[in-house]
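These notes concern the structure reproduced below.
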Amino acid sequence: HPIPRFPADFLWGVSTSAHQIEGAVAEREPSVWDVFTAEPGRVKDGSTAAVACDHVRRHGEDVALLAGLGVNAYRFSVSWPRVNAPGGLDFYDRLVDELLAAGVRPVPTLFHWDLPATLDWMERDTASRFAEYASVVVDRLGDRVTKWITLNEPAEHTLLGHALGTHAPGKQLLFDALPAAHHQLLGHGLAVQALRAAGAADIGIANSHGPTWPASQEPADLEAAAFYDLLLNRLFAEPLLLGAYPEGIGELMPGDVAADLKIIGEPLDWYGVNYYAPTRVGAPQGTEIEFGGITMPAELPFSVREIEGVPVTDFGWPVVPEGLTELLTTFKDRYGDRLPPVVITENGCSYEGLDDQARIAYLDGHLRALHRALEAGVDVRGYFVWSLLDNFEWAEGYARRFGLVHVDFATQARTPKASYAWLRDVLQAQG
Ligand code: FCB
């Protein structure tokens, strides 16, 4: 294959999130994830993120790893419970300075699932609290941070945290969880207003998306797949890009939805996409389904099916690079001029081992697929690998390793994997 070249001003980065790497729990308020992990049986290996990668103390070493990798951007998240604690913003203040000194552009996400334990996205008021918190952060960092992300994956946070209960806060509300989605989206819109009022001008979101492949051409499978696509993709993209919910959804949301949609639909400067894999979906099968670490109850109006004939990661997630091209070209076809420039804010895989040839193959395939989307006319401006470090992978604990850098959680020793050297060489060659 010819080596694809990317534009010279392309953003190349890696992503992390506060709860998954920071540790230093005693120096911040508790979050819903602290409460959740303290409940027996919630996290598969019984672990917590109390220490995680000890990043709050080892940030210097981690910034050096970023510099050595040669990325020009770093997506991290700001912990709202840390900002609430006295002196909490000092940490991010220092981190931003260190990143800039290393030539790495800081790209903070304001919310990556670690809600202060006293708050609840089922409450409308949380949206206003989020915008106030966004103001506090931008007032402190906005002189040096120029690119912002409001939310990470409100779809997963709604589905896993509020509908199925496999993530914090552990609510099992099924479709009654929809207000949590609406309130996150409203919080996003209010935060965009707050950031812009403070002078920020380059604001996006990180939404998880993937193509939905129907299990067959039977009407029941097509219908189930279309519904899944609506829940995962359209419900979170369309209020932002079109200022409207897909048909039948707005009626299920609380509050003055028409007025809220004006706030939610404020045009974005760019649109972040987290892509891992497509999902194959068919009609419900009347049984509980275990998939990629998630148990889905029998009463859902769809069932997730295996994608046959493709490799899977150690997490069991299918490896389908061309799904990224399909996703981006589909979004361009669906939303046309309403789709702002796109940045891939997460893409990566979980594999064991330091000589991680499978991760290299995954990233190589996805970069080629991304380049095909560029050639097809999708305005893609950047790509962030999930993740810099092995870290606390939510309900899976430390059992899933997504890092370009291995972390020995007993000693906190960091060891770059083969994929780290590979990506460094790709970045040096601009392709
Ligand atoms: C995404 C999350 C991220 C990480 C990856 C593997 O859904 O945003 O925190 O857990 O999956």
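For the single chain, residues carry numbers from 1 onward in sequence order. Both counts, for ligands and for their atoms, begin at 1 and track the order of listing.
Counting only N and O atoms by type, the side chains of R75 and T345 include no donor and acceptor under 3.5 Å apart. Under the 3.5 Å distance criterion, with hydrogens and angles disregarded, a donor-acceptor pair is assigned to the side chains of N152 and H112. Checked by atom type, the side-chain pair H183/E123 shows no donor-acceptor distance below 3.5 Å. Judged purely by distance below 3.5 Å, without hydrogens or angles, the side chains of N391 and Y398 never pair a donor atom with an acceptor atom.
In summary, the atoms of ligand 1 found under 4.0 Å from a heavy atom of E393, numbered by their order in the structure, are 4 (C), 6 (C), 10 (O). Heavy-atom proximity to F402, at under 4.0 Å, picks out these atoms of ligand 1: 6 (C). Taking every heavy atom of H112 and a limit of under 4.0 angstrom, the matching atoms of ligand 1 come to 2 (C), 3 (C), 8 (O), 9 (O). Atoms of ligand 1 lying under 4.0 Å from at least one heavy atom of N152, given by number and element, are 8 (O). The ligand atoms of ligand 1 that sit less than 4.0 angstrom from a heavy atom of W394 are 3 (C), 4 (C), 9 (O), 10 (O).
For a threshold of 3.5 Å applied to N or O pairs, the pair formed by S17 and ligand 1 contains no separation below that value.
Salt bridge annotation for R414-D62: present, with a cationic side-chain nitrogen under 4.0 angstrom from a carboxylate oxygen.
E346 OE1, 3.5 Å is the protein heavy atom nearest to atom 3 (C) of ligand 1. Atom 7 (O) of ligand 1 has its closest protein heavy atom at E153 OE1, 2.5 Å.
Between the side chain of W394 and the backbone N or O of H167 there is no donor-acceptor pair closer than 3.5 Å.
Proximity annotation for atom 11 (O) of ligand 1: of Y276, W386, F392, Y276 comes nearest, heavy atoms only.
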